[in-house]
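For reference, the structure is listed below as structure tokens.
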2 protein chains.
Amino acid sequence: MNTLAYGLLGLVARTPSSGYDLMLQLQPYWQAKHSQIYPLLAKLEQEGYMQFTRVHQTDRPDKKVYSITDKGEIALKMWLAEPTAEPVVRDELVLKAYCLQLTDEKAAHAMFRERIDHCREQAQMFEHIMKEMEQQTEGHPDHPDHPAFSDYILLSWGCRRMQEDMKWCEWVLELLQKRKKE
Amino acid sequence: MNTLAYGLLGLVARTPSSGYDLMLQLQPYWQAKHSQIYPLLAKLEQEGYMQFTRVHQTDRPDKKVYSITDKGEIALKMWLAEPTAEPVVRDELVLKAYCLQLTDEKAAHAMFRERIDHCREQAQMFEHIMKEMEQQTEGHPDHPDHPAFSDYILLSWGCRRMQEDMKWCEWVLELLQKRKKE
DNA sequence: ACACCCATGTAACCTGTTACATGATTAG
DNA sequence: CTAATCATGTAACAGGTTACATGGGTGT
């Protein structure tokens with residue numbers, strides 16, 4: 001049982017879903033490809049943490065809809081009580097930033113511009129989902145008992161991260177401007 | 001040649017260092033254990049990107065001090081011009097946050113408190129190094145031509161990230177307070 | 001005496017990515 | 001007709017962690 005396994009358990013505990021759907025839901029918060037998810041789901045099912053029902057679809061391929069079992073829910077609750085691992089961040093841009101003196105202004109500028117564009121895109125995506133959610137639920141889901149509460153705090157996390165990353169890049173670009181002027 | 005390899009190249013390009021030292025320098029920005037670094041350095045040396053000299057020390061074990069070669073510097077500059085990969089973040093706390101409804105107040109509270117403490121510690125570490133740097137260089141290294149400029153922007157990155165993470169956790173804790181009151 | 005820091009390395013294992021494979025439906 | 005989306009899977013490989021292994025010096 002690794003972190004990804006618990007992440008999947010957490011998702012199916014809320015809403016029974018197919019592997020494909022789980023992959024898409026998880027993507028913004030834990031990068032994992034389908035090739036990692038499908039075998040893991042099979043393993044979790046074999047070991048009794050999940051169960052699945054084959055759902056026939058006419059317009060689309062059939063799918064396996066996984067749902068959590070009692071054993072799965074117990075394991076999930078135990079995981080939640082365990083100490084949390086520290087986050088792992090691996091950002092190539094940070095390593096590149098350390099080598100800024102080896103680049104020309106143009107390349108340095110492009111590097112941070114690209115990241116800013118990427119972050120803006122992602123932030124807008126998060127914001128868009130949040131707005132949709134607020135309309136659907138008719139109000140701000142900022143209360144812990146609101147069914148969409150955890151979705152709300154996760155979206156906020158993603159949005160904040162992107163905005164902070166953007167700010168840092170913009171700050172670096174401003175400092176880099178000084179090179180030209182002086 | 002993977003990202004870690006370029007990260008190591010970037011470090012030795014600035015200051016020739018031992019594997020042990022590289023591991024420590026890299027830790028805050030790219031988590032890698034010595035067991036990954038040592039074989040990689042050997043490979044980079046064999047392929048001509050780095051060279052090393054064995055340095056004898058009386059009070060401590062001997063060390064291999066790696067420095068960059070011309071081939072290494074060319075490869076490094078080419079990497080800098082290539083498009084940058086998107087950052088990878090894997091944070092167990094985010095997955096746990098999605099399952100908040102399955103936990104009691106105490107566990108939820110502890111989860112975020114622990115993270116806040118961790119972030120504060122890290123942020124203080126970054127701030128401390130920044131202050132030391134400012135004293136050594138006698139002034140703010142916020143100019144791109146300053147030799148400590150890239151260290152400065154990396155430290156700022158680390159500091160900002162920790163502060164933002166803390167803010168998010170505190171925000172979640174505030175929202176969780178509502179559960180009790182109402 | 002025991003633990004920690006410095007310093008380097010290997011081996012086994014787990015995690016995650018890329019590529020291979022299939023196939024139906026829908027949108028441009 | 002071509003590309004994208006939905007849907008599931010396997011195989012090979014790369015990246016990263018944990019454990020094993022060694023050994024001197026320093027601090028408590």
Side-chain angles (χ1 to χ4, degrees), chain A residues 1-9 11-12 16-47 50-66 79 85-92 95, chain B residues 1-9 11-12 16-47 50-66 79 85-92 95:
Chain A
M1 291 295 288
N2 56 29
T3 309
L4 177 58
Y6 287 114
L8 292 169
L9 266 183
L11 287 177
V12 298
S17 318
S18 67
Y20 188 82
D21 202 23
L22 289 168
M23 179 191 63
L24 294 179
Q25 284 180 252
L26 209 58
Q27 212 124 39
Y29 308 108
W30 193 281
Q31 289 77 43
K33 317 281 169 176
H34 72 277
S35 54
Q36 197 182 2
I37 289 174
Y38 287 128
L40 188 51
L41 286 173
K43 197 191 137 207
L44 288 169
E45 188 267 332
Q46 272 166 34
E47 291 176 9
M50 290 180 181
Q51 57 200 17
F52 72 87
T53 47
R54 206 172 277 277
V55 172
H56 182 68
Q57 297 180 120
T58 47
D59 54 333
R60 293 174 183 186
D62 295 0
K63 62 181 176 181
K64 288 180 173 182
V65 173
Y66 287 86
W79 169 67
E86 288 168 21
V88 175
V89 179
R90 280 182 230 274
D91 190 345
E92 206 177 3
L95 299 185
Chain B
M1 292 294 288
N2 56 30
T3 308
L4 177 57
Y6 287 113
L8 292 168
L9 267 183
L11 288 176
V12 298
S17 319
S18 66
Y20 188 82
D21 202 23
L22 290 167
M23 177 191 64
L24 295 179
Q25 284 179 253
L26 207 60
Q27 212 122 40
Y29 309 107
W30 193 281
Q31 289 76 45
K33 317 283 169 175
H34 72 277
S35 55
Q36 197 182 2
I37 289 175
Y38 289 127
L40 188 52
L41 286 173
K43 197 191 138 206
L44 289 169
E45 189 269 332
Q46 274 166 34
E47 291 175 10
M50 290 181 181
Q51 56 199 17
F52 72 86
T53 48
R54 205 172 278 276
V55 172
H56 182 67
Q57 298 181 119
T58 47
D59 55 333
R60 291 173 185 187
D62 295 1
K63 61 180 176 182
K64 290 181 173 180
V65 172
Y66 287 87
W79 169 66
E86 289 167 18
V88 175
V89 179
R90 280 182 230 274
D91 190 346
E92 206 178 2
L95 299 186

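The structure presented is a predicted model; accordingly, all values stated were derived computationally and were not measured.
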Interatomic distance, [X] atom [atom1] to [Y] atom [atom2] [nearest 0.5 angstrom]:
| X | Y | atom1 | atom2 | result |
| --- | --- | --- | --- | --- |
| B:L9 | B:T3 | CG | OG1 | 12.0 Å |
| A:Q36 | A:L26 | CD | CG | 9.5 Å |
| B:K43 | B:E45 | NZ | CD | 13.0 Å |
| B:L8 | B:M1 | CG | CE | 9.0 Å |
| A:L4 | A:W30 | CG | CH2 | 7.5 Å |

Could you state the atom-to-atom distance from [atom1] of [X] to [atom2] of [N] in whole Å?
| X | N | atom1 | atom2 | result |
| --- | --- | --- | --- | --- |
| A:Y38 | D:dT10 | OH | P | 11 Å |
| B:L8 | D:dG16 | CG | P | 11 Å |
| B:L24 | C:dC5 | CG | C1' | 10 Å |
| B:L22 | C:dC6 | CG | C1' | 14 Å |
| A:L26 | C:dG16 | CG | C1' | 13 Å |
| A:H34 | D:dG9 | NE2 | P | 10 Å |
| A:I37 | C:dG16 | CD1 | C1' | 11 Å |
| A:L40 | D:dT8 | CG | P | 14 Å |

Q. Mind checking whether B:Y6 and B:W79 have parallel, tilted or perpendicular rings, split at 30° and 60°?
A. parallel
Residue set satisfying salt bridge (charged side-chain N to carboxylate O under 4.0 Å, His left out) with B:D91, at least two apart, ordered chain then number -> B:R115
| said: Categorize B:S18 for me: base, sugar-phosphate, or nothing, with a 4.0 angstrom heavy-atom threshold over every strand shown. | reply: sugar-phosphate
Contact string for nucleotides 22-28 of chain C, one letter per nucleotide 5' to 3', B = base within protein heavy-atom range under 4.0 Å, S = sugar-phosphate only, - = neither, reads -B-SS--
[N] phosphate, OP1 or OP2, under 4.0 Å from [X] side-chain N/O:
| X | N | value |
| --- | --- | --- |
| B:K33 | D:dA19 | no |
| B:Q31 | D:dG16 | no |
| B:Y20 | C:dT8 | no |

Residues at least two apart in sequence or cross-chain that pass side-chain contact (heavy atoms from CB on, under 4.5 Å) with B:T58, listed by chain then number, are B:H56
Hits for side-chain contact (heavy atoms from CB on, under 4.5 Å) against A:Y20, two or more places apart or cross-chain, chain-then-number order -> A:S18, A:M23, A:L24, A:Y38
The helix from C:dA1-D:dT28 to C:dG28-D:dC1: angle between terminal helix axes, five bp per end, to the nearest 10 degrees, reads 40°
Mind listing the N/O atom pairs, protein and nucleotides 13-15 of chain D, below 3.5 Å?
unit_1, atom_1, unit_2, atom_2, d
D:dG15, OP2, B:N2, ND2, 3.3

